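Chain letters run A, B, ... following the sequence lines, proteins first, then strands; residues in each count from 1. All values reported here derive from a predicted model rather than from experimental measurement.
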Protein chains: 2
Amino acid sequence: MTPSPVSDKRQHVVETAYVLFKRAGFHATGIDRIIAEADVAKMTMYRHFPSKDELIVEVLDYRAMRFDRQLDRLAQEGIPPEQKIGRIFDWHARWFRSADFHGCLFAHALAEFGDPGHPVFKAVVRQKNGLKRRMRSILEEVMPRGRAESVAATLLMLIEGATLLAQMGQADAAIRDARKAAMGIVAASRRPQ
Amino acid sequence: MTPSPVSDKRQHVVETAYVLFKRAGFHATGIDRIIAEADVAKMTMYRHFPSKDELIVEVLDYRAMRFDRQLDRLAQEGIPPEQKIGRIFDWHARWFRSADFHGCLFAHALAEFGDPGHPVFKAVVRQKNGLKRRMRSILEEVMPRGRAESVAATLLMLIEGATLLAQMGQADAAIRDARKAAMGIVAASRRPQ
DNA sequence: TAACTATGAGACAGACCTGTCTCATCACTC
DNA sequence: GAGTGATGAGACAGGTCTGTCTCATAGTTA
């Protein structure tokens, strides 16, 4: 069997690193631990990723891509914006309840890499702005652009806050309250039909 | 001069560690760096704090106390709850604009110490619940207890989300949108006078 | 068969980590 | 002057960190 042109070892390292970073954090997870868990030689890892930082960026970008694809699948044409936004909150409710939930990897990355010039920081900003943009374009169906931007930012804050509360063990109340607040805000800003 | 009964070296270490943790994170800040910056012998530190983890908890508790005292000073009897809540958001607006703002140290601690049994994790939960309780007791003046709990949680989520967006360089828009949403939610839940 | 590529295995360097230990010093008290 | 308690200075242990290096091996391709 010819291995796939872009090696599957590479992807395996990314996915293993993701699990470990999620559980223990970035600085606390050593390269040795990653290669042991992935059952891969150290040089194999360093041939694919020139440094740990670049591996971290790769892991974040990979997760951002998976996240986007999942939300893409939820998006269904022809349903009202309220329902589209509601599905995004429902997705988070399911995430909070999942077995291996440990909070938001991107928020955690921001905590450990606070320098705005750092590639990891930039990867986080990309992901968060992506989610905001997604919600904004949904909202633009029923409100002017500037208003949609504001409401999208508010919804993003509710989601981020809910994720933090969920990590502190208040998942159910958090997503319920956040969802309710979000629906109220969207309704209040909606252009009357 | 007799040194104060509870040594001032101890407090000096706490404050130095706070600045370093805030800038670089917890794992990335070594003991050697802390004692160098505080200009203190290593044994002096370890005589006061049995381990780095306990120093971290001390730093967090110290910051939580300072935070509480600052919000206490803002609380003025006789003004309506809306205004009391508004002042909390204003406090955050000023914080976001301050020179050395690097996001929320407690949220960062949660990112690096995700084990719910860890003393650092518990210190974070204490602080966040404290802020929620503060807002809840303000809201109970004008709405029933259960409603106040829900609204307080929502305001907390807005604040946490705004802090995260502020760290990503969107401080002004974030606090403006969060404040506006908060005021709307409180108004909608207010028991009519 | 020969060449090429990806990988495995692990030694190694050099730095950094937390935490312990000893010994000297200094200020204050009795 | 003797004793006491807090501190300074730094060596030290034992471990872990990232990243580099060499050499062997296996599988595919020409």
Quiz prompt | is_close_aromatic(B:Phe101, B:Phe96), centroid dist under 6.0 Å | solution = yes
What is the separation between atom [atom1] on [X] and atom [atom2] on [N], rounded to the nearest whole Å?
X	N	atom1	atom2	value
B:Ile34	C:dG19	CD1	C1'	13 Å
B:Met45	D:dA6	CE	C1'	16 Å
A:Asp32	C:dC12	CG	P	16 Å
A:Phe49	D:dT20	CZ	P	15 Å
A:Phe26	D:dT18	CZ	P	13 Å
B:His27	D:dG15	NE2	P	19 Å

Self-check item: A:Glu112 (side chain) donor-acceptor with A:His27 (main chain) under 3.5 angstrom
Solution: yes
Practice problem: Between B:Asp53 and B:Arg47, just flag the one whose closest nucleotide in DNA chain C comes earlier from the 5' side. | Solution: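 Final value for this comparison: B:Asp53.
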Self-check item: Nearest-nucleotide 5' precedence on DNA chain C, B:Ile31 against A:Thr44
Solution: A:Thr44
Exercise. Would you jot down, in residue-number order, the residues of residues 35-43 of chain B having a non-hydrogen atom under 4.0 Å from DNA chain C?
Key: B:Lys42, B:Met43
Give the minimum heavy-atom separation between [X] and [Y], together with the two atoms involved.
X	Y	answer
B:Leu164	A:Ala107	CD1-CB, 3.8 Å
B:Ala181	A:Thr154	CB-CG2, 3.5 Å
A:Lys84	A:Ile79	CE-O, 3.5 Å

Quiz item: Can a salt bridge be assigned to the pair A:Glu140 and A:Arg136 using a cut-off of 4.0 Å between side-chain N and carboxylate O?
Solution: yes
Quiz item: Going by heavy atoms closer than 4.0 Å, what residues in residues 110-123 of chain B are next to DNA chain D?
Solution: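 Residues of residues 110-123 of chain B under 4.0 Å from DNA chain D: none.
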In residues 64-71 of chain B, what donor-acceptor pairs under 3.5 Å come from side-chain atoms, sequence neighbours left out?
{"residue": "B:Asp68", "atom": "OD1", "partner": "B:Arg134", "partner atom": "NH2", "Å": "3.4"}
{"residue": "B:Gln70", "atom": "OE1", "partner": "B:Trp91", "partner atom": "NE1", "Å": "2.9"}

Exercise. Compare side-chain N and O positions of B:His48 against OP1 and OP2 of D:dA6 and report whether any pair is under 4.0 Å apart.
Key: no
Exercise. On the 0 to 90° scale, with breaks at 30° and 60°, tag the B:His92-B:Phe89 ring pair as parallel, tilted or perpendicular.
Key: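 Answer is tilted, since the angle falls between 30° and 60°.
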Quiz prompt | Mutual orientation of the aromatic rings belonging to A:His118 and A:Phe113 [parallel < 30°, tilted 30-60°, perpendicular > 60°] | solution = tilted
Quiz prompt | B:Tyr46, nearest nucleotide to its side chain (from C:dG8, C:dG19, D:dG19) | solution =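 The answer is C:dG19, which lies nearest to the side chain.
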